[in-house]
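Computed from a predicted structure; not experimentally measured.
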Amino acid sequence: MVEKSPSRVLGLGRAALLVWMLGAVLPYALSNPVNVDFGQLYMAGALAAEGSWDALYATPLPDAILNPAYPEASTPHPEYLRLAEARGVPAEACRFIYPPPVALAVMPLGWLSYDTARFVFAAVCCLALWFTGIQAGYVYRHFRGRAEPWVELLLAALVCLSPAMINGMRSLNVSMFTCAVVGVAVLTLLRRQELSAAGAFALGGVVKATSGPLVVVAAFLGRWKAVATTAAITVAVVTASLVVMGNGPFERFFGDIAPRLTVSDPAASNQSLAALLLRLRLTEADGPLLSGVRYAGVVLLLGLAWIARRQTRRDHARYDQHLIAGLYAAMLAWMVFNPLFWSHYQIVLTPFWGWLAWEWRRQLACGRWLLAVGLAVCFVSVWFPATIPLSQRFDTPELVTSHGLWGTLGLLAYAVGRLLGLGWLGFASDDNEALPDKPSEAAACP
């Protein structure tokens, strides 16, 4: 009997996960007759294919509490309604609220029937998620210094089996695609591949501003080649969009849509700090407290970027460690303080799971059991959004309803602690950066 090498097992395992994504997750996503988030992308592509730019955005209702993506919060253009009915788009589907260039990007979907486009988009999302699982393994490998096939396979499995991901696939949210973009950005920053990082920055920024926190940290760290190239790509994309679409869609987006994207939703699956305050009835949807939360998030993001700059300059030998901690903390803070932080948004952060796995193993090897257990509990709380099934059956207390928020805040605290090098938490700046291979080597840990 021929013994399989670990690298061969990794390849077979990845192949099995790909079969799982395309053979199980894909049919499960398509079994949902609505896929509320996909409808807006398909309609944008269909309108773009016909050149109906005036019908791209719905008109927000003046007394609406929710953002214009919700059917009950906006009135579509008559051409939008006509085309949606002709193409068989469900009436419950969200309305288009993304920046105008996204409509050009999804134009190929408009060349297809609704069902065919839905299948293609869902398949692309499955491939992107599978690739993100591989990216998480590469992040782990970067810090470990060598390949560990079984750990990398476990990370890929955690991504491909994540209940948060499966929930997101039911709505076919664009986050199922942008997670791979974030992974490319993180890996290329670690590998000093500035141009590739710029491409990922620009793509993530144009689609959903997902890469915004990453760009801020990169700018503070002086990664000017990546930042300048990102700006150049973004200007080129916007200019090309203006040439094709005209000023109309941009005026509608910045005048009617963008100002209303700061509205939160108290639904249980929204794990943002704003949603928590709404559920506790400590403020109104348009109250000044929520505006303060958003501004606090911006201040925190800038503060984290500044700390990352200071730490990388003071301890350049551990540049990558401070870089990844700064990037992860910035992304976590941005999501927590945003108005909407749906449970499936956690999938955007899956490339960082490779770093979390490396940190978890280091804490175990150094005998810091309390930190390791705390890190594991926080991870499980974001990996499995139990809020959704529980809130549908029971009147859960807020402590349980917001478990995803608590887990995210715990991960944020850990990343900030790593960034600051807090010695009393076991994060001393002289911490051994290598994972001990033997128990006796754990003495190197402070």
Side-chain angles (χ1 to χ4, degrees), residues 135-148 152 155 181-201 204 211-230 300-334 349-363 365-366 371 375 411-423 425-436 444-446:
Q135 290 175 323
Y138 284 151
V139 171
Y140 177 87
R141 184 185 301 186
H142 179 89
F143 288 98
R144 183 65 172 109
R146 66 171 186 265
E148 286 193 347
E152 294 177 29
L155 284 166
V181 176
V182 171
V184 171
V186 171
L187 281 170
T188 51
L189 283 174
L190 289 171
R191 296 170 179 175
R192 314 299 193 271
Q193 298 169 346
E194 307 297 293
L195 295 181
S196 298
F201 284 166
S211 58
L214 305 180
V215 176
V216 171
V217 174
F220 270 79
L221 296 186
R223 305 291 286 268
W224 296 117
K225 186 176 181 179
V227 174
T229 306
T230 300
L300 178 58
L301 171 61
L302 296 175
L304 290 170
W306 179 82
I307 294 172
R309 173 188 174 88
R310 186 192 66 174
Q311 294 296 82
T312 53
R313 292 193 170 191
R314 291 177 56 184
D315 188 12
H316 192 74
R318 294 179 176 85
Y319 180 93
D320 287 357
Q321 176 67 18
H322 297 309
L323 171 64
I324 192 75
L327 293 174
Y328 191 37
M331 290 292 291
L332 288 169
W334 185 251
L349 305 175
T350 50
F352 293 100
W353 291 2
W355 178 68
L356 287 178
W358 181 72
E359 284 291 321
W360 183 75
R361 290 196 65 188
R362 279 205 325 149
Q363 299 300 349
C366 292
L371 275 175
L375 194 58
L411 295 175
L412 174 59
Y414 185 91
V416 173
R418 239 336 174 182
L419 187 60
L420 292 173
L422 300 179
L425 282 176
F427 300 139
S429 59
D430 61 345
D431 197 358
N432 177 30
E433 292 299 329
L435 181 68
C445 303

For [X] against [Y], the heavy-atom pair lying closest together:
X	Y	value
Thr312	His322	CG2-CB, 3.6 Å
Thr350	Ala136	O-CB, 3.6 Å
Ala200	Val181	O-CG1, 3.2 Å
Ala333	Leu304	CB-CD1, 3.9 Å
Leu190	Arg192	O-NH1, 2.6 Å
Ala308	Gly326	CB-CA, 4.3 Å

Report the distance from atom [atom1] of [X] to atom [atom2] of [Y], rounding to the nearest 0.5 Å.
X	Y	atom1	atom2	answer
Thr188	Arg223	OG1	CZ	8.5 Å
Leu332	Leu327	CG	CG	11.0 Å
Thr230	Glu194	OG1	CD	9.5 Å
Tyr138	Leu155	OH	CG	12.5 Å
Leu195	Lys225	CG	NZ	4.5 Å
Met331	Leu349	CE	CG	5.5 Å

Contact between [X] and [Y] at the side-chain level, heavy atoms closer than 4.5 Å - yes or no?
X	Y	answer
Phe201	Leu189	yes
Arg310	Leu420	yes
Leu302	Val216	yes
Gln321	Glu359	yes

Practice problem: Please work out whether the ring planes of Trp355 and Tyr328 are parallel, tilted or perpendicular, with thresholds of 30° and 60°. | Solution: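 Judged by the thresholds at 30° and 60°, the geometry between Trp355 and Tyr328 is perpendicular.
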
Quiz item: With distance as the sole test, does Gln135 use its side chain to make a donor-acceptor pair with the main-chain N or O of Pro351 at under 3.5 Å?
Solution: no

Quiz prompt | Of Ile324, Ile307, Leu323, the residue whose pairing with Leu419 passes side chain to side chain contact (heavy atoms under 4.5 Å, CB included) | solution =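 Checked Ile324, Ile307, Leu323 against Leu419; only one passes side chain to side chain contact (heavy atoms under 4.5 Å, CB included): Ile307.
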
Quiz item: Between Tyr140 and Arg361, is there a cation-pi geometry (under 6.0 Å to ring centre, at most 45° from the normal)?
Solution: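 The answer is no, since Arg361 fails at least one limit relative to Tyr140.
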
Practice problem: Step by step, work out the side-chain contact (heavy atoms from CB on, under 4.5 Å) result for Val186 and His142. | Solution: CA-CA 11 Å; Val186 171; His142 179 89; over 6 Å; no

